[in-house]
Student: 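Let me give you the structure first, and then I'll get to my questions.
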Amino acid sequence: MDIRKLILPFCLASALPAVAGQCYSIQDGDTLRMGNDAIERVFLWNNGHLITCRITDKQSGKSISTAARQPDFVINRSEPSDGKMTVVDLPSDGIRPDRTVVTISYRLGDLDVERIYRLYDGVPAIAVDTRLRGTMSGVAEREVNAADRSNIEHAEDMKVKPVTAVLDRLSLPGNHWHGRAVEFRDITDWNNNLVDVRDFITYRKTTYRGNILTVTDGEEGGGFVFLKEAPCSGVQLAYKGDFISDFGSFMVTGIGVTEDDVTPDKWTSTYSSVLCTHGGGELEALKALRAYQKQCRLLDPDRDEMVMMNTWGDRSQDAKVNEAFCLAELDRAAKMGISLFQIDDGWQAGKSPNSATAGGSFKDIYANASYWTPDPVKYPRGLAPIVERGRELGIEIGLWFNPSVQNDFADWEKDAATIVGLWRDYGIRMFKIDGLTITSKKGEENLRRLFDRVLADTENAVMFNLDATASRRGGYHYFNEYGNIFLENRYTDWGNYFPYWTLRNLWLLSRYVPAEKLQIEFLNKWRNTDQYAGDKYAPANYDFDYIFATTMAGQPLAWMEAANLPDEAFSIKPLVDAYRAVQHDFHSGTILPVGSEPSGSSWTGFQSITGDNEGYLLIYRELNDEPEGCIETWLPEGKTVQLTHVLGNGKDRRVKAGPDGRIKCRIDRPNDFVMYKYTIK
């Protein structure tokens with residue numbers, strides 16, 4: 001399709017709407033209205049350098065007029081000129097849904113600016129991507145620390161000048177705004193506490209770290225959410241902070257580029273910002289955020305849902321992988337209900353630094369023209385016998401891949417051609433992307449070119465499994481359109497795998513990150529029991545079906561060699577098969593944590609809200625003495641709820657939701673679980 005045919009020139013002197021589906025962009029004089037049936041944002045045109053005047057949450061009818069005096073986007077102090085607008089109605093490509101793109105272009109002195117707004121039917125969110133071209137100068141390094149400001153004795157002392165670039169802002173009246181800044185950590189080889197939350201009441205100018213800022217009106221209720229689409233705070237490029245609050249003024253900061261990154265000969269993208277509105281409390285805010293997050297990549301049941309096996313979790317590295325090993329593993333994986341078998345590092349002729357043999361390297365990969373071909377000793381017939389046997393068993397094959405990191409991914413075209421070639425030769429659609437270190441804007445751009453080229457050349461068939469375990473990578477809110485997230489490496493060999501630790505990480509992330517986008521591991525509980533001597537939370541103390549069940553809110557990963565499993569391990573197949581039957585429906589909902597934080601001895605779980613009056617509850621009774629637990633959920637208080645047993649150990653029952661959605665659940669044994677389909681009567 002020629003996208004140029006979809007561009008609709010828009011005359012700014014008219015009052016005619018530019019509408020696509022439920023989405024619209026209407027200009028009347030110096031006022032621009034942009035929105036859909038769920039949200040509206042009204043701007044002062046200001047020659048394209050937009051200033052927000054009002055935001056409306058149409059689902060609740062709540063509207064807030066702003067006290068704005070400055071543009072939403074701040075990069076320099078030049079006067080705007082040559083403002084233009086175009087509207088594009090883009091159909092779904094299988095990765096992204098139908099959407100409307102409104103591009104506002106203008107100049108600020110020697111700098112060209114494009115602000116590209118994305119809207120989706122029925123979603124109470126407006127995202128904005130920003131591109132710059134020309135000369136960027138005069139942007140300060142960072143905000144002044146409050147400790148370096150003078151004490152306040154006079155009104156003049158309260159004035160604080162803006163000294164950093166701003167991606168987006170809302171300046172609202174009133175003094176009773178309650179904020180929550182949520183910071184995330186990846187690099188999970190080193191981090192086991194992945195979410196930090198800072199609650200605050202706004203006061204004088206204060207900076208916050210994080211990718212998510214929720215703001216609630218302490219007087220009227222309702223509010224908004226800012227999502228900064230960027231890597232985690234600790235690894236962002238050109239980091240200047242994430243959010244600033246100043247009484248009722250809220251700003252998204254840290255654009256991810258330096259003055260040297262922006263040049264006259266090309267467009268350079270900054271990090272992006274998303275504004276979501278809601279008219280209620282925390283549940284409405286989280287549902288608004290999740291409604292947007294689900295637009296970043298459509299969840300295709302044939303492509304995105306899986307129960308994967310990867311043998312690296314048993315620490316043999318590449319020592320065992322070969323044709324005979326993989327064929328035998330496939331037969332055993334089928335006995336467990338595995339849908340995708342991923343061959344990690346070691347399938348290729350080249351040796352990586354992680355090889356069990358000495359001498360591996362990622363330096364100058366393409367000096368070895370055979371580096372990314374199947375190892376001729378291990379796979380003398382190539383990968384075809386593996387792929388064919390997998391097809392016979394109903395199991396897809398995936399591969400590990402490490403892009404060429406030297407010179408800011410300068411060999412991205414060769415990497416893309418390699419992946420596309422493997423897809424064409426073998427039909428392989430899933431590639432685990434490992435070893436990334438993104439230290440510059442050029443490197444980030446080249447990596448995105450790699451991913452985009454592969455999707456374009458495979459008609460969006462290929463999916464990337466993005467490793468978040470080390471180095472400087474995309475985190476939880478960047479590169480989301482390309483696949484899912486390989487969350488963590490844990491090994492019984494080192495005694496650092498505990499089922500409740502992994503469950504806790506999934507539980508904490510699921511409030512703010514779609515759980516279905518996270519690949520969650522379960523390990524062979526029979527290995528290395530000596531590493532856990534006397535530990536009541538040792539993996540061996542849990543039933544294998546429970547260990548699998550701790551991963552079900554995400555995408556389960558059998559991080560093990562099937563050859564090392566005893567016969568009893570394969571008894572989980574009926575559970576895996578039953579889970580696969582409901583997996584997509586469960587993941588289609590808004591999945592949020594319920595109960596208490598997993599601690600090894602809690603009542604905990606997840607709720608998937610699939611409709612106004614229905615969804616799923618997945619409940620775990622950890623190691624405690626109470627066969628009945630009172631679980632706080634997101635169910636409406638006072639409503640009768642029918643619970644229909646789906647998986648695990650439980651029976652149909654009817655309950656009434658109390659304050660905070662509390663319901664009573666019964667699980668007779670500790671370290672056990674139940675999944676219900678619920679209906680609100």
Student: Centre-to-centre under 6.0 Å for Trp412 and Phe409, is that the case here?
Tutor: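 No; Phe409 has its ring centre 6.0 Å or more from that of Trp412.
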Student: Salt-bridge test for Arg391 and Glu388: reply yes if a basic N is under 4.0 Å from a carboxylate O, no otherwise.
Tutor: yes
Student: Determine whether the side chains of Gln406 and Asp411 contain a donor N or O and an acceptor N or O closer than 3.5 Å.
Tutor: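 Yes, because at least one side-chain N or O of Gln406 sits under 3.5 Å from a partner of the opposite role on Asp411.
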Student: Indicate the atoms forming the closest heavy-atom contact of Arg621 with Ile667, along with that distance.
Tutor: NH1-O, 2.9 Å
Student: Establish, from distance only, whether the side-chain atoms of Gln583 and Gln555 form a donor-acceptor pair under 3.5 Å.
Tutor: yes
Student: Hey, are the side chains of Leu508 and Leu194 touching, using non-hydrogen atoms and a 4.5 Å cut-off?
Tutor: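 Side chain of Leu508 against side chain of Leu194, heavy atoms only: no contact under 4.5 Å found.
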Student: Below 4.5 Å, heavy atoms only, C-beta onward: do Val195 and Phe184 meet side chain to side chain?
Tutor: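 Yes, side chains in contact.
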Student: For Ser596, is there any backbone N or O sitting under 3.5 Å from a side-chain donor or acceptor partner on Thr604?
Tutor: yes
Student: Do Arg429 side-chain atoms and Met463 backbone N/O form a donor-acceptor pair below 3.5 Å?
Tutor: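 Checking the backbone N and O of Met463 against the side chain of Arg429, no donor-acceptor pair under 3.5 Å is found.
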Student: Glu488 pairs by side chain to side chain donor-acceptor pair (under 3.5 Å) with which of Thr469, Asn496, Thr502?
Tutor: Thr502
Student: Mark yes or no for whether Lys228, through its side chain, and Tyr271, through its backbone, hold a donor-acceptor pair below 3.5 Å.
Tutor: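 Not a single qualifying donor-acceptor pair exists.
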Student: Is a side-chain N or O of Lys517 found less than 3.5 angstrom from the main chain of Arg297, in a donor-acceptor match?
Tutor: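 Between the backbone of Arg297 and the side chain of Lys517 there is a qualifying donor-acceptor contact (under 3.5 Å).
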Student: For atom CG of Asn407, is the number of surrounding heavy atoms from other residues, nucleotides or ligands below 6.0 Å larger than 12?
Tutor: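 No.
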Student: Do the ring centers of Tyr500 and Tyr620 come within less than 6.0 Å of each other?
Tutor: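 Not under 6.0 Å, so no.
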Student: Show, in sequence, the C-alpha distance, side-chain angles and deciding distance for Leu436 and Phe479, and conclude whether the side-chain contact (heavy atoms from CB on, under 4.5 Å) test is met.
Tutor: CA-CA 13 Å; Leu436 300 182; Phe479 297 139; 5.7 Å; no
Student: Show your reasoning for whether salt bridge (Lys or Arg N to Asp or Glu O under 4.0 Å) applies to Arg448 and Asp452.
Tutor: CA-CA 6 Å; Arg448 192 174 287 281; Asp452 287 341; 5.5 Å; no
Student: Yes or no on side-chain contact (heavy atoms from CB on, under 4.5 Å) for Glu521 and Leu487, after CA distance, side-chain angles and deciding distance?
Tutor: CA-CA 8 Å; Glu521 66 198 347; Leu487 185 62; over 6 Å; no
Student: Hey, does Trp634 have a side-chain heavy atom less than 4.5 Å from the side chain of Leu286?
Tutor: yes
Student: Quick check: does any side chain N or O of Ser355 sit under 3.5 Å from a backbone N or O of Ser352, one acting as donor and the other as acceptor?
Tutor: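 It does not hold such a pair.
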Student: Would the distance check show the side chain of Glu622 and the main-chain N or O of Ser602 forming a donor-acceptor pair, the cut-off being under 3.5 Å?
Tutor: yes
Student: Tell me which one of Asn193, Asp196, Asn191 satisfies side chain to side chain donor-acceptor pair (under 3.5 Å) with Arg185.
Tutor: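 Only one option passes, and that is Asp196.
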Student: With a 4.5 Å limit on heavy-atom distance, are the side chains of Tyr537 and Ser601 in contact?
Tutor: yes
Student: Is the number of heavy atoms from other residues, nucleotides or ligands under 6.0 Å of Glu459 CD greater than 12?
Tutor: no
Student: Looking only at atom types and distance, does a side-chain atom of Asp314 sit under 3.5 Å from a main-chain N or O of Glu561, one as donor and one as acceptor?
Tutor: yes
Student: Could you check whether Trp526 and Phe544 have their ring centres less than 6.0 Å apart?
Tutor: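 Yes, the ring of Phe544 comes within the 6.0 Å limit of the ring of Trp526, centre to centre.
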Student: Taking atom types as modelled, is there a side-chain donor on Arg96 or Asn460 under 3.5 Å from an acceptor on the other?
Tutor: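 Result is no, nothing qualifies.
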Student: With no hydrogens and no angle check, just 3.5 Å: does a side-chain donor-acceptor pair link Asn192 and Asn505?
Tutor: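 On atom types as modelled, these side chains qualify, holding a pair under 3.5 Å.
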Student: State whether the side chain of Lys378 and the backbone N or O of Gly346 hold a donor-acceptor pair below 3.5 Å, judged by distance alone.
Tutor: yes
Student: Does a side-chain N-to-carboxylate-O contact under 4.0 Å join Asp668 and Lys651?
Tutor: no
Student: Would one find more than 12 heavy atoms of other residues, nucleotides or ligands at under 6.0 Å from atom NZ of Lys442?
Tutor: no
Student: Can you tell me how far apart OG1 (Thr529) and CD (Gln531) are? Round to the nearest 0.5 Å.
Tutor: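 Rounded to the nearest 0.5 Å, the OG1-CD separation comes out at 9.0 Å.
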Student: Say whether, by atom type as modelled, one donor and one acceptor occur between the side chain of Asp408 and the main chain of Ala410 under 3.5 angstrom.
Tutor: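 No, because the side chain of Asp408 does not come within donor-acceptor range (under 3.5 Å) of the backbone of Ala410.
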Student: Between the side chains of Asn489 and Asp189, does any donor sit under 3.5 Å from an acceptor?
Tutor: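 Yes, side-chain donor-acceptor contact under 3.5 Å.
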Student: Within 45° of the six-membered ring axis of Phe325 and under 6.0 Å from that ring's centre, is NZ or CZ of Lys320 located there?
Tutor: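 Pair Lys320/Phe325 does not count as cation-pi.
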Student: If I compare all heavy atoms of Leu447 with all of Pro403, which pair ends up nearest, and what's the gap?
Tutor: CD1-CG, 4.5 Å
Student: Have a look at Phe451 and tell me which of Phe401, Tyr478, Phe464 forms a ring-ring contact (aromatic ring centres under 6.0 Å, His included) with it.
Tutor: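 Of the listed options, the one satisfying the test is Phe464.
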Student: So does Arg449 pair up with Asp415, basic N to acidic O under 4.0 Å?
Tutor: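 So Arg449 does not pair with Asp415 through a salt bridge.
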Student: Test side-chain contact (heavy atoms from CB on, under 4.5 Å) on Trp423 and Asp457 and set out the steps.
Tutor: CA-CA 10 Å; Trp423 170 74; Asp457 288 354; over 6 Å; no
Student: Under 4.0 Å between a side-chain nitrogen and a carboxylate oxygen: does that hold for Arg389 and Asp331?
Tutor: yes
Student: Can we say Arg527 and Asp493 salt-bridge, meaning some charged N sits less than 4.0 Å from an Asp/Glu carboxylate O?
Tutor: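 Yes, charged N to carboxylate O under 4.0 Å.
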Student: Are Ile343 and Cys326 side-chain neighbours, meaning at least one heavy-atom pair lies under 4.5 Å?
Tutor: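 Heavy-atom side-chain distance check passes, below 4.5 Å.
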Student: Considering only heavy atoms from C-beta outward, does the side chain of Val420 approach that of Thr458 to under 4.5 Å?
Tutor: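 Contact flag for Val420/Thr458 side chains = yes.
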Student: For the residue pair Tyr491 and Trp559, categorise the inter-ring angle as parallel (less than 30°), tilted (30 to 60°) or perpendicular (more than 60°).
Tutor: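 Ring orientation, 0 to 90° scale: tilted.
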Student: Charged N to carboxylate O below 4.0 Å: is that the case for Asp434 and Arg473?
Tutor: yes
Student: Please confirm whether the backbone N or O of Met552 pairs with a side-chain atom of Tyr579, one donor and one acceptor, at under 3.5 Å?
Tutor: yes
Student: Where is the tightest heavy-atom contact between Gln236 and Pro231, given as atom of each residue plus distance?
Tutor: NE2-O, 3.1 Å
Student: Using the six-membered ring wherever Trp is involved, compare the ring planes of Phe586 and Tyr616 and label them parallel, tilted or perpendicular (cut-offs 30° and 60°).
Tutor: perpendicular
Student: With the side chain counted from C-beta on, respond yes when Ile386 and Trp347 share a heavy-atom pair under 4.5 Å apart, and no when they do not.
Tutor: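 Answer no - side chains too far apart.
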Student: Would you say that Val405 contacts Thr437 through its side chain, given a criterion of any heavy-atom pair below 4.5 Å between the two side chains?
Tutor: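 Heavy-atom side-chain distance check fails, nothing below 4.5 Å.
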Student: Can Asn649 and Asp672 be said to form a side chain to side chain donor-acceptor pair (under 3.5 Å), step by step?
Tutor: CA-CA 7 Å; Asn649 295 311; Asp672 207 350; 2.6 Å; yes
